[in-house]
Amino acid sequence: MRPILNCLIVCLIVMVTLDAYGSSEALDGNATNTDENLEAELLQLNARLQLLEEDLLYPASSRVAVYLSMDLGELFALDAVTLKLNGKDITHHLYTERQVNALYKGGVQKLYVGNAKQGVNRLTAFFTGKGPHDRDYKRATTLEFEQSFEPVFVELLVTDNTGSQQPEFVATVF
Amino acid sequence: MYGQIGFMWVLCVMFAQGAWAAQAQLTRESLPMKHALYQHWQSEYEAAYRVAEYYQLRGFYSSELRLAQASASLELGYLAHGRELINDLDVGSLLPENQSRLHLYLARDAYRRRDWTLLDEHLEALTSLTLLTPLSFDSRYHYFLLAESARQHGRHVEAEDMLGQLEKDDSYLFYGRFNLATSLVAESKVAESRPEAKRLLLSLIDLPTRDLEQLMLTERARVALADLYLEDGALDAARPLLSKVSASHQYGPPALARLARLDMQAERYENAAAIWNHLLQVYPWHRAATAASSGLGYAMLQSRGEEAAYGSYLTALTKIEAQQARLVTFRQQLLQNLRDPNWMLGRGDSERSLLTWLAEGLGHNDWTTWLADESVRQSARHWQSLDTAYTQLQSRQQDLAILLTVDAEQQRRIKSARSTVYKDDLDQVTVALIHNIEMKLSDLRSRRYEITSDLETFATDEEQALFDTLEQLRASKLGQAETERIDRLVGLIRFQIYDAIPVRKQQQAAQLEARLSDARKAEQRIARINTAALRLPQADSVSGRIHLLAADAESLSRRTDLALGLARDTLVASMSEFVGRDEALLAAQANGLQYDITRLLDQQYVVAEAVR
C-alpha cells in the first residue's frame, strides 16, 4: 500500500541510521502517546474480536485446537504439514524458513482451530520435509481423542530420536 | 539513534536466551508464552502482541507473557504503552535472566530520555544481576551504557576503559568514542582536554569501517577533527583530513566548503573558485553551499578581476531570485498536496515519488534533515500506522456485522429446535422409548421361552400369516382328518420356529440395540439443544459483546481519523517551517550578494572618482 509513504518511511529508516548521535529525541509526548494508545487499542480490539469469533464459531463443547512444536528438530527439516480429522482434510500448512526457525527456537504454532463431533475423533497429521541425509521424508501420526463438553488441545511434536537417529512425530492431548 | 537499533537488539537477545526459549512439555500454562514467542521470532510483533492479549482475555496471565506483550509493543514503537506495561510488571516474579534484560531495556530507555539518574539506577541493578561477558550483545550494550554514564559524569578515563572492552568493528565503539570526543571538544574550549579530543577523534578515524553507518561516523569525525585543527590554525593538518571526506556522502559538501575557505585563506583563489563552483553546480541549495555564491564572487574578484566577479555575482543573484520564485510556487503546491491525504498516501494518480518531488521542488536533498527530525519521524510513522489502523477498522466493522448475522442465525436455530422438542414432548417420548427398548432387550436376554406359549414371539411375518390362515381353516368346521392335518402343520411350524429361536433372538437383539442407539442419539441431541438453550442468555451476551466491540471499533475509528488529521497537520506545519527556513536562507543569500555587488560598484565608483 501507499508507495509514496512507504518510500518516505524507508528514507526515514535510512535517515535514522545516518543520523548520528545527538538528534533531538525529546518529543512532545501527548500526541505520540495518543497515537500509540490508538494503535495498541486496535490490537486489543483485534484480540477481542478473535476471541469472540472463536467463541461463536467454535463453541467450547466442540472446539479442538491443534498446536505444532519442535524439540531439537535437527534430524528433520519441516516443509509442510497436512491435517486430517476423521478422514477429512482440515488444513495444510507450508512452512517458510522464518516459521521453521521460530519453531526451532521454542515457539509453538497454532496450526488449526475448529469443531469436532462429540465422541471419539481421529486426527492424523502428515509431515513432509527432509529427513536424515537430506532425504525426502514423509511420516504420519494419528491420535484418537474423545470430544466431550470441554475444548480439546492437541500438541503435534516433532522431536529427534538420538538413539535411532530418526525424527519422531508425536501427537498428544494436553 | 539508539532508540531504535539498540532497543531491537536488546529485545532480540532478551528472547534469544534464557528460559523463554527452553523446550519442555507443552502445557496449557506454557502455551500462551510459546505461542507469542512463535510470532515474536518471526518479527511478527503485531501478532505477538495480539496473541498475548488474546490469552490474557482467556484468563491466562503471567509476568513473562506480560513482558512479551510489552516487548512486542516496544518493537512496534509504542514506547509509552510498552513502558506502561512494564511498569505494571511484577519484576520480582520474572526469571533472573529476564530481570536483567528488563533492566537493560529500562536503562536504554532512560538513556534515550537523557534521564541520567535513572540510567545509573538501572545500570547498578544490572551490574548486581549480571556478570559482564565481552561478546554477548547484552554486555556490549551494557558497556556502552556504562561508558555513556561515565562520560556524562565527566569520568572520561573510565568511559574510555568501558569502550575499550568492545571489539574494534563494533558500532557501539564508534558511537561511544564519537560521543566522548564530542564531550571533550565541548570542554576543550575552556579546559585542557583538546589533545584528548584530538586523540580520540584520530583513533576513530583509524578504525576499520564495515558499513555505511560506521563510515559516516568516521567522516563526521574527520570534519570535527579538521575543525579543531582549523581553530588551532593548523591549516596543513586540516587539509588532508577534509580531502579524504567522500564528496558524495553526507559530510562531503561541508568538507568542500571548508576546503574552499582554506584555499581562500591561503590565497589560492583559482582553487577556491573551482571548489565553490563545484558546490554551486552539484549542491546549489545545500546548506553548506550557502556561502558559495559570495565566495565564488570574491575568489573571481581576486583571481580574475572585477568584471568576472560582477558577472559571477549577477549570475548567482539571478539564480537565487529564480529559486525564490520557484519556492513560492512549491510552497503553495506542497501545502495544497499535503492537505490531501490521497496524495501523500499515494492513492492518487501521481506516479512520481514524493521524495523526488521534494528534491526537485527544493533543489536539494536537505529535506533529509527534515526527515531525520525526531518529531517528523514520529509523525510520519504514526501517520502510516494510523492510516493502516483506520483501514483495518473499516474491515473490522464488516467482520462484526458478519458475526452478528452468525450469532442471530445460531440463536434462531436453537430456539426453533427447542420449540420443536417441547411442542411434541420429544424429550419425554425419547426417554419412554429408551426405557421401553431397554426393557425389551432385558426381557429378550433373560427370559426362557416355552415351546407352547411363546413361540409366536419369534415368528416371522410369513409364519404368523400362516398361523392365522390355519386357524381360520380350523374354525370353518372341517372334518377330523383335515383338522389333524392342520394340527400337524401348526406343530411343524412351531418346531421350525423353536429351532430358529437362538438366531432370531440375536437378530431381534441387534434390531433393538440399533433402535436403542438411535434413541440415545436423539436423547443426546435433545440434551445439546437444551444445553445450548440454557446458554441462550450467554449467547445474548455474545451479541452484547459484538455490539460493544462494534461501538468500540466505531469510536476508535473516529479517534483514529482525528489523530490522522493531527499527524497530517503536524507534518504540514513542519514542512512549511522547513520551506520557510529555505526561503529565509535564500533571502539572506540574496541580501549578501546585493551587498557584495553594491560594495563592488562602490569600489569601482571610488576608483573611477580617484582616476578622474
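Throughout, protein chains are lettered first and strands after them, A, B, ... in sequence-line order, and every chain is numbered starting at 1.
- Neither the backbone nor the side chain of B:Q524 comes within contact range of chain A; no heavy atom of the residue lies under 4.5 Å from a heavy atom of that chain.
- A:Q118 and A:S62 form no side-chain donor-acceptor contact under 3.5 Å, judged by distance and modelled atom types alone.
- For B:Q392, the part lying under 4.5 angstrom from a heavy atom of chain A is the side chain only.
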Practice item. Show your reasoning for whether side-chain hydrogen bond (donor to acceptor under 3.5 Å, both in side chains) applies to B:Y38 and B:E44. Key: CA-CA 9 Å; B:Y38 176 70; B:E44 300 285 351; over 6 Å; no
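- Each of B:R396, B:R559, B:R28 has some count of heavy-atom pairs under 4.5 Å with chain A, and the biggest count is that of B:R28.
- Proximity to chain A involves both the backbone and the side chain of B:L403, based on heavy atoms less than 4.5 angstrom apart.
- Using cut-offs of 30° and 60° on the angle between ring planes, the pair A:F169 and A:Y137 is tilted.
- Within the 4.5 angstrom heavy-atom criterion, only side-chain atoms of B:L31, from C-beta onward, approach chain A.
- Of the two parts of A:N46, the backbone and the side chain both hold a non-hydrogen atom closer than 4.5 Å to a non-hydrogen atom of chain B.
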Practice item. Report the C-alpha separation of B:Q397 and B:S557 in whole Å, then their side-chain angles, then the decisive distance to 0.1 Å, and conclude whether the side-chain hydrogen bond (donor to acceptor under 3.5 Å, both in side chains) test is met. Key: CA-CA 10 Å; B:Q397 305 272 16; B:S557 181; 5.0 Å; no
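- Residue B:D211: no heavy atom, backbone or side chain, is found under 4.5 Å from chain A.
- When each of A:L56, A:L49, A:L45, A:D55 is scored by its heavy-atom pairs under 4.5 Å with chain B, the top score falls to A:L56.
- Ring geometry for B:Y49 versus B:H81: interplanar angle of 30 to 60°, hence tilted.
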Review point. Should A:N121 and A:Q147 be marked as a side-chain hydrogen bond (donor to acceptor under 3.5 Å, both in side chains) after you check the CA-CA gap, both sets of side-chain angles, and the distance that decides it?
Key: CA-CA 7 Å; A:N121 290 272; A:Q147 182 80 47; 4.8 Å; no
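- The cationic atom of B:R177 (NZ for Lys, CZ for Arg) does not lie both less than 6.0 Å from the six-membered ring centre of B:F174 and within 45° of the ring axis.
- In this structure, B:R50 fails the cation-pi test against B:Y54, since its NZ or CZ atom is not both closer than 6.0 Å to the six-membered ring centre and inside 45 degrees of the ring normal.
- Between chain A and the options B:T560, B:L57, B:L549, heavy-atom pairs under 4.5 Å are most frequent for B:L549.
- Residue A:F153 touches chain B through both its backbone and its side chain, counting heavy-atom pairs closer than 4.5 Å.
- Each of A:K110, A:E54, A:R48 has some count of heavy-atom pairs under 4.5 Å with chain B, and the biggest count is that of A:R48.
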